[in-house]
2 protein chains.
Amino acid sequence: MASKTTYKNKAGNLSMDVKTLCLGVLYQGEASGYEIKKAFEEGPFSHFQDASFGSIYPALGRLSSEGLVDCTQMAQEKRPDKKVYKLTSKGNNALITSILVPPAPDKFTSDFFFVLYFAELLPVAQVTLLIDQRIAFYKNILERMSECDITSVTAGRQLCHGLGLTVYQSSLEYLQKHRDSFLQKLPSQNITSTTSNRHAS
Amino acid sequence: MASKTTYKNKAGNLSMDVKTLCLGVLYQGEASGYEIKKAFEEGPFSHFQDASFGSIYPALGRLSSEGLVDCTQMAQEKRPDKKVYKLTSKGNNALITSILVPPAPDKFTSDFFFVLYFAELLPVAQVTLLIDQRIAFYKNILERMSECDITSVTAGRQLCHGLGLTVYQSSLEYLQKHRDSFLQKLPSQNITSTTSNRHAS
DNA sequence: AGGGACATGTAATTAGTTACATGATTGT
DNA sequence: ACAATCATGTAACTAATTACATGTCCCT
């Protein structure tokens, strides 16, 4: 049972692969590969999952040959043809099976945090820019998220949305609150490069 | 100029690789490969970066041959020998150069969120467990983080710590606040598998 | 006698990204 | 004329993970 190699994470669980991700998007309604990509870029999945064309199209091909999705070629006016994929009941069950296993731990990788960690090594102007861009980023995301209507979506989706909002909102507030005092704490005479031997106080 | 292939992200920036990550850990003080691993597992980097032995050891080897770190073999009593790596001034500059480029966007991948998104497909007991484990996870991490003393560390590190605390704290509060009402909103008669055709309201 | 922490390293395998290839239509 | 959006797909490439290999000491 269980498909061929089936990847295991540290906890021994199966990881969500692009195939499962596509099933999830398709559970919400039929879509083309291009539209699935958009769900990961701008849609509600964009905050916690990602996939590129190079992985989506082969995944849809495999799902199709496994009978988990149906594919319909659609001719469009003034647009290229598209292949619309639809979840089959077998695909529906496959999605349920996938989310039934305990989820793998979150993976968060942030170069922003890494750079911020070593802020004392950078010119103050650069750190200021870094933080201001991050503040702008949070503001932008919060604006877009509060615009979308979640009154008629599932409870799970609402909770995800609310959790996301909370995280972004509190991050924004924290940064805004500590920005000035943080920048003042940084050495005004930053070492941008070359010789530097002032490790101790 | 610029090392051989140099990877580029969507924004055209160079990504932090394991080599740079090691330089960052080593900036804080000399360490062995094993100790660097621990920094990503339990240390302050554990919240936003990760690396495994299979990438750390080869990275240290390359850093050594490039003159960015010095390696000293250390014999230990009742412990295997260890190789202690130390940042050279060339390595110090390499770290600065790396953090000078605009950081790549964060990558957050969460199977928890994905599963939560489809909570209506799961038995209520399973969703309850999922949320309670997540609450326990946040509590645990918050406890460990508040234990550690950050009074004598750099401003950047303090800000990272504070931002992390805020995110975990607000996530915990949100989940605790909405847990009960969310679980009540779920259909008590969950579909665990097989036939199910109630897509519309 | 078995598991866990300490300690270093290599090899196989992987899923995924980036870049390429192609082409119509619409807006600037 | 050029970039952007729509649309699908393949090939090359990569960094990194997992699993393997080896060994000591300590605790239960």
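Order of the sequence lines sets the chain letters (A, B, ...), proteins ahead of strands, with each chain counted from 1.
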| field | Output field: ring centroids F118(A)/Y27(B) closer than 6.0 Å | value | yes
| field | Minimum-distance nucleotide (side-chain atoms of F53(B) versus dA16(D), dT8(C), dT17(D)) | value | dT8(C)
| said: Can you tell me how the ring of Y57(A) sits relative to the ring of F53(A), calling it parallel under 30°, perpendicular over 60° and tilted otherwise? | reply: parallel
| request: Return the set of residues passing ring-ring contact (aromatic ring centres under 6.0 Å, His included) with F112(A) (not counting sequence neighbours), or none when no residue passes. | output: none
| Residues in side-chain contact (heavy atoms from CB on, under 4.5 Å) with Q73(B), at least two apart? | D81(B), K83(B)
| field | Side-chain N,O (S55(A)) to OP1/OP2 (dA15(C)) below 4.0 Å | value | no
| message | Can you measure K107(B) atom NZ to dT17(C) atom P for me and round it to whole angstrom units? | response | 8 Å
| task | Give me the bend of the helix from dA1(C)-dT28(D) to dT28(C)-dA1(D), using the axes of the five pairs at each end, rounded to 10°. | result | 40°
| Nucleotide of dT17(D), dA7(D), dG9(D) approaching E35(A) most closely (side-chain heavy atoms) | dA7(D)
| query | Any idea which of dC6(C), dA7(D), dT18(C) is nearest the Y34(A) side chain? | reply | dA7(D)
| query | Can you name the residues that form a salt bridge (charged side-chain N to carboxylate O under 4.0 Å, His left out) with R157(B), not counting sequence neighbours? | reply | none
| With respect to Y117(A), which candidate in Q49(B), Q158(B), Q28(B) satisfies the side chain to side chain donor-acceptor pair (under 3.5 Å) definition? | Q28(B)
| task | Tell me which nucleotide among dT18(C), dA7(C), dT8(D) gets nearest to the side chain of Y57(A). | result | dT8(D)
| request: Give one of base, sugar-phosphate or nothing for G54(A), where a contact means two heavy atoms less than 4.0 Å apart. | output: base
| Looking at residues at least two apart in the chain, or sitting in another chain, which of them share a salt bridge (charged side-chain N to carboxylate O under 4.0 Å, His left out) with D132(B)? | R179(B)
| For the atom pair CZ (F40(B)) and OG (S52(B)), what is the distance rounded to the nearest 0.5 Å? | 10.0 Å
Set out, line by line, the N/O atom pairs under 3.5 Å between protein and nucleotides 21-23 of chain D.
none

